[in-house]
Amino acid sequence: MMQRYIEAQLHRAAAAAGLEIDGPIPFGVPKQDGQGHLSTNIAMMHAKKLGKQPRVLAQEIVDGIEKSELVERVEVAGPGFINVTFRDAVYHAMVKDLDGLGDHIGRSDAGAGRTMHIEYVSANPTGPLHAGHGRNCAVGDTLANLYAWCGYEVTREYYFNNAGNQMNMLGRSIYVRLQHALGNNDVPFPEDGYHGEYIAEIATQIARDHADAVREMSEEEALAYCRKRGEEWCFASIKRTLVALNIHHDVYYNEDSLYTTGKVRDTIEDLRERGLVYEKDGATWFALTQLGSQQDKVIVKSTGEPTYRLPDIAYHRDKLVRGFDVVIDVFGADHIATVPDVLAGVKALGFDTERFRVVIHQMVTFVENGEIVKFSKRSGKSFTLDELIEEVGADVVRFFFIMRAVGTHLEFDLGLAKEEGDKNPVFYLQYAHARICSILKKAEEKGLAINHQSDLSVLVHPREIELIAQLSRMRATVERACENLEPHVIAEYLRDLAGAYHNFYHDCRILGAEPALEAARLLLADVTRRAMRNGLLILGVTTPERM
RNA sequence: GCGCCCAUAGCUCAGUUGGAUAGAGCAGCAGCCUUCUAAGCUGCUGGCCGCAGGUUCGAAUCCUGCUGGGCGCGCCA
């Protein structure tokens, strides 16, 4: 937001030097002291085409900048950077602007009037969510929040299939356990059946509340009943876990509806009309090689059942038909192979696949004491997301899963996560928030109210200026994280913001300072509180007022 | 064999879309509380940015080729 105060002038000065720049001027924040507050490399970027030395062009631009009350100095540095040093008045103006935003600090209207659809989690109801699902949950939900904070109208969707082979296997697994519970021990457990403890739990429940009815049923009826009970149990479990993580979907989209509404049939017919479908070996194939892929793929098996690819294409086409401006998929790296096929299919049907943004996050390794943890200590089976939440808390789960770039393999350190102290990065942020709240509460007790008209010109301490500079970057940071689909950027930003506040807190006494300074610092603290709170809300973690 | 992702301090990772002397946390060492939360702050130690070329004023960042790791490559999802 700093650049607002100099950008127009730079445009004018550059034009006067013979350099017309379309669009915004690129700015950077110098890392070294003595290089000003903002820096631009426009002279170096364009010197060549004007046939000038970068430093000469830079100096011509600098000479064209008029004197201003806000700008301390503009100078040429290094190979041709133009460094801008502001007077403190710019920072005071920024605090004023930020304060005027009320609870909207960090919000953007970059996506105002646009709609965004995001599909995440999307685990089929065949069992509880396991710990590895956590990354998809946290990344998806944080991205949804980011888009909402950028002004988009967001639809959060959970896509599931309760009709396929996996569900039949779930039903059969429960059915067999139920037979065992009812004393028929000779019924063999299916080879690819589900082995989790929850299967037995569901079977036990049915044995307890529905045994007589089940005994009356045919095997077919009993299997269907077990499947239905299993689905209900699993969905209840999944939804409970998501609520614990502060995740709420707007739509649960059933794959089966794609069949009942004819969308799958339409999709295959449309592909066939375009000559992209053929029969071979009793199966129906999608001619992906015609679309530039390595090999054709089966979309309807010789048994007559479609493979996942076909409803996936129908589903993604439907998302576009529903009219969203941006459609985001969140997948783990293990699903990467399906993406090109689905996109190729939708594109072949004449849709603009540019609206799709696919986020593929890498896998997660859980580590404790330097050793890889694969299984739950309690059950010896792969451990559930519930167990992870219980172990480290929902805030830590959400934060840890988004704090690294989605493209990198994530190491989830359970030891660090369990640490409820200074080593844990989430607490560092929440502590900053709680510390501010504590001061504001004390101020209130002293009868000191936040004064939005405070004279901010008394804020001149380097720690105050650094904190304000950090605050001023929030909105652009949120926009960048959103645009680039990078939730971890917010975690990084908030750590810097918390650090800037802790520094300010340490060096700048608020309560008890002389009245004008006290009022100004109190306002600055409150602006920081609102920024930190909003950042934590974007991450979906709690904002404790005391710790 | 093919496709995608990754490689930066002892460990885990950032690096603002190609910029200035590559940063943070943890671990290690040394300091700071009679005053608003020490879950904090300050200082020190720590680097062939996997290797080799290329592109240009300028590369951790872009291109090519290697090496090493992850995930895929089904009439499973």
Side-chain angles (χ1 to χ4, degrees), chain A residues 26-32 35 39 41 44-45 47-48 53-54 77-81 83 122-124 126 161 164-166 192 255 280-285 293-295 297-309 312 332-340 360-363 365 367 370 403-413 416 419-428 430-432 434-443 446 473 476-477 480 483-484 488-489 491-493 495-496 498-499 501-503 505-513 518 521-522 525 546-547:
Chain A
F27 285 101
V29 179
K31 293 168 198 154
Q32 303 294 321
Q35 295 177 340
S39 169
N41 59 0
M44 287 184 286
M45 287 175 69
K48 198 166 194 176
Q53 295 290 328
F81 290 100
N83 290 342
S122 294
N124 285 336
T126 57
N161 175 18
N165 285 329
Q166 302 300 320
D192 301 322
E255 179 185 318
K280 191 181 87 178
D281 303 333
T284 304
W285 294 71
S293 293
Q294 299 274 339
Q295 50 187 323
K297 298 278 172 64
V298 170
I299 46 175
V300 182
K301 299 186 240 177
S302 51
T303 60
E305 292 170 291
T307 64
Y308 69 90
R309 217 167 264 113
D312 266 9
D334 51 341
H335 282 147
I336 193 163
T338 78
V339 175
I360 294 176
H361 62 261
Q362 294 300 309
M363 301 284 97
T365 308
V367 176
M403 74 179 175
R404 304 304 184 203
V406 293
T408 66
H409 188 92
L410 173 66
E411 187 156 307
F412 194 118
D413 187 332
L416 178 62
E419 192 102 31
E420 292 197 354
D422 54 341
K423 297 191 193 83
N424 192 319
V426 200
F427 289 99
Y428 185 74
Q430 293 177 321
Y431 182 61
R435 249 185 168 181
I436 302 172
C437 290
S438 171
I439 287 179
L440 295 175
K441 190 156 175 265
K442 277 221 163 57
K446 281 178 63 178
R473 296 183 193 117
T477 305
R480 184 164 59 92
E483 176 55 33
N484 296 344
H488 77 282
V489 165
E492 296 281 334
Y493 171 78
R495 191 177 49 67
D496 290 344
Y501 178 76
H502 286 309
N503 279 325
Y505 175 92
H506 188 264
D507 291 352
C508 301
R509 176 86 197 173
I510 300 173
L511 300 179
E518 183 180 52
R521 285 179 172 169
L522 206 54
R546 52 191 303 177
M547 290 174 74

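First the proteins, then the strands, lettered A, B, ... as listed; each starts at 1.
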Worksheet item: In whole Å, what separates the C1' atom of U64(B) from that of G28(B)?
Response: 42 Å

Discussion item. Counting the atoms with a prime plus P, OP1 and OP2 as sugar-phosphate, which does T365(A) contact under 4.0 Å by heavy atoms, base, sugar-phosphate, or nothing?
Written reply: nothing

Worksheet item: Contact class for Q430(A) vs. all strands (heavy atom < 4.0 Å): base, sugar-phosphate, or nothing?
Response: nothing

Worksheet item: Considering residues at least two apart in sequence or located in another chain, which fulfil the salt bridge (charged side-chain N to carboxylate O under 4.0 Å, His left out) criterion with R495(A)?
Response: E492(A)

Discussion item. Under 4.0 Å, counting only non-hydrogen atoms across every strand here, what does A443(A) touch: a base, just sugar-phosphate, or nothing?
Written reply: nothing

Worksheet item: Quick one: does S302(A) reach the base of C75(B) with a side-chain donor-acceptor pair under 3.5 Å?
Response: yes

Worksheet item: More 5' along RNA chain B: P79(A) or N124(A), using each one's nearest nucleotide?
Response: P79(A)

Worksheet item: To the nearest angstrom, how far is I436(A) atom CD1 from G40(B) atom C1'?
Response: 13 Å

Response to the item:
With syn meaning chi within 90° of zero and anything else anti, the base of C49(B) is anti

Worksheet item: Less than 5.5 Å between centroids and less than 30° between ring planes, does F81(A) satisfy that with A20(B)?
Response: yes

Discussion item. For T126(A), is there any backbone N or O sitting under 3.5 Å from a side-chain donor or acceptor partner on N124(A)?
Written reply: no

Nucleotide N/O to protein N/O under 3.5 Å, stretch nucleotides 69-72 of chain B:
residue : atom : partner : partner atom : Å
C71(B)  : O2'  : A333(A) : O            : 3.0
C71(B)  : O2'  : D334(A) : N            : 3.3

Discussion item. For a quick check, tell me whether the side chain of T408(A) and the base of A7(B) share a donor-acceptor pair closer than 3.5 Å.
Written reply: no

Discussion item. Between the base of A20(B) and the side chain of N41(A), is one N or O donor paired with an acceptor at under 3.5 angstrom?
Written reply: no

Fill in: Nearest-Å distance once atom C1' is located in both G47(B) and A22(B)
9 Å

Discussion item. If I take atom CZ in residue R509(A) and atom P in nucleotide C36(B), what distance separates them, rounded to the nearest angstrom?
Written reply: 6 Å

Worksheet item: OP1 or OP2 of U37(B) sitting under 4.0 Å from any side-chain N/O of K441(A)?
Response: no

Discussion item. What's K48(A) touching, base or sugar-phosphate or nothing? Going by heavy atoms closer than 4.0 Å.
Written reply: sugar-phosphate

Practice prompt. Dump the intermediate steps for side chain to side chain contact (heavy atoms under 4.5 Å, CB included) on Y505(A) and I439(A), then the final yes or no.
Written response: CA-CA 10 Å; Y505(A) 175 92; I439(A) 287 179; 3.5 Å; yes

Item to complete: Using whole Å, report how far CD of E305(A) lies from P of C76(B).
Response: 8 Å

Practice prompt. Indicate whether OP1 or OP2 belonging to G23(B) is found under 4.0 Å from a side-chain N or O atom of Q32(A).
Written response: yes

Worksheet item: Which part of the nucleic acid does C508(A) contact within heavy-atom distance under 4.0 Å: base, sugar-phosphate only, or nothing?
Response: base

Worksheet item: Which pair of non-hydrogen atoms, one from M45(A) and one from P26(A), has the smallest distance, and what is that distance?
Response: SD-CG, 4.3 Å

Worksheet entry | Whole-Å C1' distance, G74(B) and C13(B) | 37 Å

Worksheet item: For RNA chain B, what are the stems built from at least three Watson-Crick or G-U pairs in a row, each pair having both distances below 3.5 Å?
Response: B:1-5 with B:69-73, B:10-13 with B:23-26, B:28-32 with B:40-44, B:50-54 with B:62-66

Practice prompt. Would you classify U8(B) as syn or anti? Syn applies when the glycosidic angle is within 90° of 0.
Written response: anti

Worksheet item: Which heavy atom in V298(A) sits nearest to a heavy atom in R309(A), and how many Å separate them?
Response: O-NH1, 3.3 Å

Worksheet item: Quantified in whole Å, what is the P atom distance between nucleotide U21(B) and nucleotide A27(B)?
Response: 32 Å

Worksheet item: Expressed as a whole number of Å, how far does the P atom of C41(B) sit from that of C26(B)?
Response: 9 Å

Practice prompt. Quick one: label M403(A) by what it contacts on the DNA or RNA (base, sugar-phosphate, nothing), any heavy atom closer than 4.0 Å.
Written response: nothing

Worksheet item: Under 3.5 Å, is there a donor-acceptor pair between the side chain of S39(A) and the main chain of P30(A)?
Response: no

Worksheet entry | Heavy-atom closest contact (A333(A) atom, M363(A) atom, distance) | N-CE, 3.4 Å

Fill in: Nearest-Å distance once atom P is located in both A60(B) and A9(B)
15 Å

Worksheet item: Is the phosphate of C6(B), meaning OP1 or OP2, less than 4.0 Å from a side-chain N or O of R404(A)?
Response: no

Worksheet item: Rounded to the Å, how far apart are L511(A) CG and C36(B) C1'?
Response: 5 Å

Fill in: Atom-to-atom span, CG of N503(A) to P of G25(B) - whole angstrom
10 Å

Item to complete: Could you pull out all residues at least two apart from E419(A) that satisfy salt bridge (charged side-chain N to carboxylate O under 4.0 Å, His left out)?
Response: K423(A)

Fill in: Heavy-atom closest contact (E518(A) atom, K446(A) atom, distance)
OE2-NZ, 3.4 Å

Discussion item. Between C76(B) and G18(B), how far apart are the two P atoms, rounded to whole Å?
Written reply: 43 Å

Practice prompt. Please check if the side chain of R404(A) supplies one atom and the backbone of V406(A) the other of a donor-acceptor pair under 3.5 Å.
Written response: no

Discussion item. Can you check the distance between U61(B) and U55(B), where both ends of the measurement are the P atom (answer in whole Å)?
Written reply: 15 Å

Below 3.5 Å is the cut-off: list the nitrogen or oxygen pairs between protein and nucleotides 26-29 of chain B, distance only.
none

Practice prompt. Decide yes or no for H409(A) and T365(A): does some side-chain heavy atom of the first lie under 4.5 Å from some side-chain heavy atom of the second?
Written response: yes

Worksheet item: Where do V489(A) and N484(A) land on the side chain to side chain contact (heavy atoms under 4.5 Å, CB included) test, with the steps shown first?
Response: CA-CA 10 Å; V489(A) 165; N484(A) 296 344; over 6 Å; no

Worksheet item: Does C75(B) have OP1 or OP2 sitting under 4.0 Å from an N or O in the side chain of Y308(A)?
Response: no

Worksheet item: Which heavy atom of Y428(A) sits nearest a heavy atom of A498(A), and at what distance?
Response: CE2-CB, 3.7 Å

Item to complete: By nearest nucleotide on RNA chain B, pick out whichever of M45(A) and S438(A) is the more 5' one.
Response: M45(A)

Practice prompt. Report which part of the nucleic acid R495(A) touches: base, sugar-phosphate, or nothing (heavy-atom distance under 4.0 Å, all strands).
Written response: sugar-phosphate

Worksheet, complete the sentence: Nearest heavy-atom contact between R435(A) and H502(A) is NH1-ND1, 3.0 Å

Atom pairs under 3.5 Å: protein N/O with N/O of nucleotides 15-17 of chain B:
residue : atom : partner : partner atom : Å
G15(B)  : OP1  : H488(A) : NE2          : 3.2
U17(B)  : O4   : N484(A) : OD1          : 2.1
U17(B)  : O4   : N484(A) : ND2          : 2.5

Discussion item. Just the rounded figure in Å: distance from C1' of C75(B) to CD of Q295(A).
Written reply: 13 Å

Worksheet item: Do any side-chain nitrogens or oxygens of Y428(A) fall under 4.0 Å of OP1 or OP2 in C41(B)?
Response: yes

Worksheet item: Rounded to whole angstroms, how far apart are CG on D496(A) and C1' on A24(B)?
Response: 8 Å

Worksheet item: Given atom OH of Y505(A) and atom P of C41(B), what is their separation to the nearest angstrom?
Response: 11 Å

Worksheet entry | Heavy-atom side-chain contact between D496(A) and R473(A) under 4.5 Å | no

Item to complete: Would you classify D281(A) as touching base, sugar-phosphate or nothing, given that sugar-phosphate means primed atoms plus P, OP1 and OP2, and contacts are heavy atoms under 4.0 Å?
Response: base

Discussion item. Check the phosphate of U37(B) against K442(A), side-chain N and O only, distance under 4.0 Å to OP1 or OP2. Yes or no?
Written reply: yes

